[in-house]
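Okay, so here's the structure we're looking at.
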Amino acid sequence: MSDAVEGQARAFSPASVGNVAVGFDILGHVIAGVGDTVTVRRTQVPGVRILAIRGTTVDLPLEAAENTAGAALLALCDALALPFGFELEIDKGIALGSGMGGSAASCVAALVAANALLDAPLSREALYPFALTGEAVASGGRHGDNLGPMLLGGLVLSTADRLVPIPVPAHWHSLLVHPDAVLETRRARAALQGSYALPDFVAQSANLALVLSGCFRGDAELVRAGLRDVLVEPRRAGLIVGFAAARDAALAVGALGASISGAGPSVFAWFDSEAAARAAQAAVQGAFADAGFDSQAWVSPLNAPGACLL
């Protein structure tokens, strides 16, 4: 039985591409057309209760402290010393273990909905620390590369305590292809253990600088020169059957760059037009089909909107 309801809000958070090849744990952008929806009710009784999780065949935790959305709302309640609580229902639209920010999306949608029920709603930037707490439940770390773009929309640089929107030309688009496979984030992160050569760090820093400079200047050739991961992709590529062929298929038809989305197994590519992104879709999906996987694909502007109230 539900407590007496004092208000209700629903929010949608889009999926995202984390890391964006050169910005491990700090750079991400949203993907229009797919995401999670969370319904939140304000209750008289303090605390957070998850009533239902739909849209997944995997049993996700209903215990609030063990769920990304629940943990984020608990952190919000504690920080603001709220005299009331929340109930929530989560409708998953993002496949688990897809590299599309599914855990972050539930977390952000819950926060945006709950924020609308506060007597004095917070800014999106002020919600970020609570989102980091929620995301840590799933990934084991406080990294915001998925959270920042979901909160603000577009391409965002997300540090430990700051969100920096990165401007991109309106005509730049991304292609995201998700093969019907699962790669758990913790397993993908485990592949990164070990030492790295200093020259690789220098090369990756240069690539990140080129990409960010290209975005600010609207210079696609600067992005093309830098959108290449020399640190993380080589260690994760072997976990994703068909990845190399899918990446190369995108590059062969003019992508500015292509790599692993988040922890994988999804693959993203940037293009300087929507038409180019759509023209590449068949080739990238064909590469995964040759590897034995059906796939789903989305074409989205890089500056697509973030989470919103419904």
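Everything quoted here is computed from the prediction, not taken from an experiment. Just the heavy atoms: all of them, side chains too, but no hydrogens, waters or symmetry mates, feed the values below.
- Among pairs with a residue in residues 28-39, those fulfilling salt bridge (charged side-chain N to carboxylate O under 4.0 Å, His left out) read Asp36-Lys92, at least two apart in sequence or across chains.
- A distance of 7.5 Å separates CG in Leu60 from CD1 in Ile90, rounded to the nearest 0.5 Å.
- The nearest pair of heavy atoms linking Pro265 to Gly97 is CD-O, 3.2 Å.
- In summary, of the residues considered (Leu155, Ile31, Ile260), a side-chain contact (heavy atoms from CB on, under 4.5 Å) with Val17 occurs for Ile31 alone.
- A distance of 8.0 Å separates CH2 in Trp172 from CG in Asp272, rounded to the nearest 0.5 Å.
- Among residue pairs with one or both ends in residues 118-133, those qualifying as salt bridge (charged side-chain N to carboxylate O under 4.0 Å, His left out) are Arg42-Asp119; sequence neighbours excluded.
- The side-chain heavy atoms of Leu192 and Phe24, taken from C-beta on, include a pair separated by under 4.5 Å.
- Between the OG atom of Ser106 and the CE atom of Met150 there is a distance of 8.5 Å, given to the nearest 0.5 Å.
- At a threshold of 4.5 Å between non-hydrogen side-chain atoms, the residues Ser158 and Asp145 do not count as touching.
- A donor-acceptor pair under 3.5 Å is absent between the side-chain atoms of Arg41 and the main chain of Gln8, judged by distance alone.
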**OP:** Kindly indicate, with the supporting measurements, whether the criterion side chain to side chain contact (heavy atoms under 4.5 Å, CB included) is fulfilled by Arg217 and Leu222.
**Re:** CA-CA 9 Å; Arg217 294 172 59 173; Leu222 281 181; 4.0 Å; yes

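- Side chain of Glu89 to backbone of Ala52: no donor-acceptor contact under 3.5 angstrom is found.
- Atoms CG and CG, on Leu51 and Leu62 in that order, are 8.5 Å from each other to the nearest 0.5 Å.
- Between Ala71 and Val137, the closest heavy-atom pair is CB-CG2, 3.5 Å.
- Applying the salt bridge (Lys or Arg N to Asp or Glu O under 4.0 Å) rule to Arg10 yields no partners; only residues at least two apart in sequence or on another chain are considered.
- The side-chain heavy atoms of Leu176 and Ser261, taken from C-beta on, include a pair separated by under 4.5 Å.
- Counting only distance, with no hydrogens or angles, the side chain of Arg278 and the backbone of Ser273 share no donor-acceptor pair below 3.5 Å.
- For Ser103, the side chain to side chain donor-acceptor pair (under 3.5 Å) partners two or more places apart in sequence, or in a different chain, are Glu135.
- Listed by first and then second residue, the salt bridge (charged side-chain N to carboxylate O under 4.0 Å, His left out) pairs involving residues 197-208 amount to none (not counting sequence neighbours).
- Side-chain contact between Thr56 and Leu96 is present, with at least one heavy-atom pair separated by less than 4.5 Å.
- Between Tyr128 and Leu151 there is a side-chain heavy-atom pair separated by less than 4.5 Å.
- Closest non-hydrogen pair, Val20 versus Gly28, comes out as CG2-CA, 3.6 Å.
- Applying the side chain to side chain donor-acceptor pair (under 3.5 Å) test to pairs two or more places apart or on separate chains, those with a residue in residues 13-23 are Ser16-Asn146.
- Pairs of residues two or more places apart, or lying in two chains, never qualify as salt bridge (charged side-chain N to carboxylate O under 4.0 Å, His left out) while including a residue from residues 158-179.
- Taking Leu208 as the reference, Val22, Ile26, Leu27, Leu212 meet the side chain to side chain contact (heavy atoms under 4.5 Å, CB included) condition, with sequence neighbours excluded.
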Name each donor-acceptor pair under 3.5 Å that joins a side chain in residues 294-310 to protein atoms two or more places apart or in another chain, with its distance.
unit_1, atom_1, unit_2, atom_2, d
Ser295, OG, Gln285, NE2, 2.9
Ser300, OG, Ala32, N, 3.0

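- Rounding to the nearest 0.5 angstrom, the gap separating the CG atom in Asn207 from the CG atom in Leu210 is 6.0 Å.
- Residues Leu127 and Asn115 are in side-chain contact: their nearest non-hydrogen atoms beyond the backbone lie under 4.5 Å apart.
- The shortest side-chain heavy-atom distance between Leu122 and Leu76 falls under the 4.5 Å cut-off.
- Between the side chains of Trp270 and His29, at least one donor-acceptor pair of N or O atoms lies under 3.5 Å.
- When all heavy atoms of Leu175 and Ala277 are compared, the pair lying nearest together is CD2-O, 4.0 Å.
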May I have the list of side-chain donor-acceptor pairs in residues 107-114 shorter than 3.5 Å, sequence neighbours left out?
none

Please table the atom pairs, donor to acceptor, closer than 3.5 Å between any side-chain atom in residues 237-255 and protein atoms at least two apart or in another chain.
unit_1, atom_1, unit_2, atom_2, d
Arg247, NH1, Glu233, OE2, 2.6

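- The backbone N or O of Ile94 lies less than 3.5 Å from no partner atom in the side chain of Ser98, so there is not a single donor-acceptor pair.
- By the 4.5 Å heavy-atom criterion applied to side chains, Val48 and Cys77 are counted as neighbours.
- The salt bridge (Lys or Arg N to Asp or Glu O under 4.0 Å) search around Arg189 returns Asp25, not counting sequence neighbours.
- The nearest pair of heavy atoms linking Ala181 to Phe293 is CB-CE2, 3.8 Å.
- The nearest pair of heavy atoms linking Gly154 to Pro149 is O-CB, 3.3 Å.
- Note: Phe216 CZ to Ile166 CD1 = 4.0 Å, rounded to the nearest 0.5 Å.
- Although no hydrogens or angles enter the test, the distance criterion places a donor-acceptor pair under 3.5 Å between the side chain of Ser123 and the main chain of Ala126.
- Of the possible donor and acceptor atoms, one in the side chain of His173 sits under 3.5 Å from a partner among the backbone N and O of His171.
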